[in-house]
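Everything below concerns the one structure shown next.
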Amino acid sequence: MSKQDGLLQFNGAIENLSFYKTKRGYVVRKRSGVSGARISADPAFQRSRENSMEFGRAGRAGKLLRSAFRYMIRNAADSGITPRLLREFLKVIKADVTSERGYRNVMNGDIKIMEKFEFNTESVMSTSFYAPLTATIDRAAGEGTIVIPPFYPAREVQSPRGATHVIITCGFSAIDFEEAQYESDEISSEALVLDSHLTEPLTLTASVSPGSPFPLFLAFSVEFVQMVNERPYRLSDGAYNAMKMLVADSLYQ
């Protein structure tokens, strides 16, 4: 490692030299590392190539799921959702017991790993919504359904200051991870008053094509709003909204 000398001192790289600033001043060192060409061809890096292929496959799967549920996620997801989905889909891929390393994939993996995934770790469902519910998927009919018996919102919903109502949403999606395609639907409740009165029973059913051969995902969210002159207004940052994956189902599991 050598120091930069002269009037012109800078950060950056020129050919195989790197220039940067440290506590001891501006320094320069020769760039080292393995070339991309060697990594792509050398047998010694076979494991690295395999890991890279599966890492990329997990990243694309996470992006596809975010796209499939984008309308729900935009109001109920934290800033770390991308890396967290990546980690979960890597688990799904590594659970593939039929494909060779490097070629393991989501479709042959354990989709059920995605069940219970929380989209907003700042407001998880278990601390936001306490009322019992049932969630079911009917693949033949292409329906995902959430049923919530009557409940008392003031007692069974943890609402933030300023919220007067809560909106409950059911999201359902069939995702083809091989062709990067999806079909999605969602349905929301009316804005429910956050008071001590018992609600009516609630059934929310979202639909995709009947008999889909692709993995099916059923998600549930609660969004808090403030009602002003009979119009719902979202709270400023949505940090208290919660969203959870309730069911993840593969035809092959």
Side-chain angles (χ1 to χ4, degrees), residues 61-62 64-77 81 84-85 88-89 91-92 95 106-121 123-153 155-158 166-178 181-192 198-224 241-253:
L64 193 60
L65 187 138
R66 295 198 313 274
S67 295
F69 288 96
R70 63 184 180 276
Y71 296 115
M72 294 175 69
I73 287 176
R74 65 182 179 182
N75 297 316
I81 185 174
R84 290 193 299 107
L85 277 174
E88 294 306 301
F89 273 114
K91 295 177 186 178
V92 173
V106 174
M107 300 290 278
N108 291 330
D110 186 1
I111 293 294
K112 287 191 177 297
I113 288 173
M114 300 305 300
E115 288 187 355
K116 316 308 180 189
F117 180 80
E118 294 279 358
F119 290 78
N120 184 5
T121 57
S123 182
V124 298
M125 193 64 72
S126 61
T127 61
S128 300
F129 190 84
Y130 310 125
L133 60 82
T134 58
T136 58
I137 285 178
D138 185 335
R139 182 178 290 275
E143 295 179 345
T145 301
I146 295 173
V147 177
I148 306 174
F151 67 97
Y152 296 96
R155 187 174 66 189
E156 296 179 280
V157 179
Q158 184 64 44
V166 62
I167 297 173
I168 297 173
T169 299
C170 165
F172 190 44
S173 184
I175 303 180
D176 179 356
F177 291 97
E178 294 298 322
Q181 298 177 351
Y182 60 86
E183 181 184 5
S184 297
D185 184 33
E186 66 178 56
I187 183 170
S188 298
S189 70
E190 297 180 352
L192 305 175
L198 192 65
T199 68
E200 295 293 326
L202 183 64
T203 299
L204 300 174
T205 298
S207 303
V208 296
S209 297
S212 173
F214 307 119
L216 299 175
F217 298 88
L218 179 62
F220 166 66
S221 72
V222 292
E223 180 183 1
F224 297 101
N241 296 335
M243 179 177 173
K244 185 176 184 178
M245 189 68 74
L246 297 182
V247 184
D249 177 74
S250 173
L251 182 64
Y252 308 109
Q253 294 172 353

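We count residues from 1, following the sequence as given.
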Is there a side chain to side chain contact (heavy atoms under 4.5 Å, CB included) between Phe129 and Ile148 once you walk through the steps?
CA-CA 11 Å; Phe129 190 84; Ile148 306 174; 4.1 Å; yes
Test side chain to side chain contact (heavy atoms under 4.5 Å, CB included) applied to Val247 and Glu115, step by step
CA-CA 5 Å; Val247 184; Glu115 288 187 355; 3.8 Å; yes
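- Scanning all heavy atoms of the two residues, the minimum distance from Ala141 to Asp138 falls at N-OD1, 3.0 Å.
- Side-chain atoms of Thr199 come within 3.5 Å of backbone N or O of Phe151 as a donor-acceptor pair.
- In this structure, CG on Leu65 lies 7.0 Å from OG on Ser173, to the nearest 0.5 angstrom.
- Taking OG from Ser221 and OH from Tyr71, the interatomic distance works out to 15.0 Å, rounded to the nearest 0.5 Å.
- With values rounded to the nearest 0.5 angstrom, Lys116 atom NZ is found 11.5 Å from Met245 atom CE.
- You'll find the side chain of Leu85 reaches within 4.5 Å of the side chain of Met114, heavy atoms only.
- Here the closest heavy-atom approach between residue Ile113 and residue Glu88 is recorded as CG2-OE1, 3.8 Å.
- From Asn120, atom CG reaches atom CG of Asn75 across 11.0 Å, with rounding to the nearest 0.5 Å.
- Between the Arg84 side chain and the Glu118 main chain, a donor and an acceptor come within less than 3.5 Å of each other.
- Between the NZ atom in Lys91 and the CG atom in Asp110 there is a gap of 11.5 Å [rounded to 0.5 Å].
- Considering CD of Glu223 and CE of Met243, their distance stands at 11.5 Å, rounded to 0.5 Å.
- Judged by distance alone, with hydrogens and angles left aside, the side-chain atoms of Asn241 form a donor-acceptor pair with the main-chain N or O of Phe224 at under 3.5 Å.
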Check the pair Leu133 / Leu246 against side chain to side chain contact (heavy atoms under 4.5 Å, CB included), numbers first and verdict last.
CA-CA 10 Å; Leu133 60 82; Leu246 297 182; 4.0 Å; yes
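- A pairwise comparison of heavy atoms in Tyr130 and Val157 identifies CD1-N, 4.3 Å as the closest pair.
- No side-chain heavy atom of Pro149 sits less than 4.5 Å from a side-chain heavy atom of Pro201.
- Minimum interatomic distance between Val166 and Val222 (heavy atoms only, all atoms of both residues): CG2-CB, 4.0 Å.
- Counting heavy atoms from C-beta on, the side chains of Glu178 and Val106 never come closer than 4.5 Å.
- Under the 4.5 Å side-chain criterion, counting only non-hydrogen atoms from C-beta, Glu156 is in contact with Pro132.
- For the pair Ile167 and Ala191, the tightest heavy-atom approach, listed with the atom from each and the gap, is CG1-CA, 3.9 Å.
- Put simply, the side chain of Ile187 does not reach to within 4.5 Å of the side chain of Thr205, judged on heavy atoms.
- Under a 3.5 Å cut-off, the side chain of Arg66 and the backbone N or O of Ile81 do not form any donor-acceptor pair.
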Pair up each side-chain donor or acceptor in residues 208-215 with any protein partner under 3.5 Å, not counting sequence neighbours, and list the distances.
residue: Ser209; atom: OG; partner: Glu183; partner atom: OE1; Å: 2.9
residue: Ser209; atom: OG; partner: Glu183; partner atom: OE2; Å: 3.2
residue: Ser212; atom: OG; partner: Phe214; partner atom: N; Å: 3.2

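- Here the side chains of Leu218 and Cys170 are in contact, with some heavy-atom distance below 4.5 Å.
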Would Phe69 and Tyr182 satisfy ring-ring contact (aromatic ring centres under 6.0 Å, His included), going step by step from the backbone distance to the final call?
CA-CA 10 Å; Phe69 288 96; Tyr182 60 86; 8.8 Å; no
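- A pairwise comparison of heavy atoms in Thr127 and Gln158 identifies O-CB, 3.2 Å as the closest pair.
- Side chains of Phe217 and Ile111 form a contact here, defined as non-hydrogen atoms less than 4.5 Å apart.
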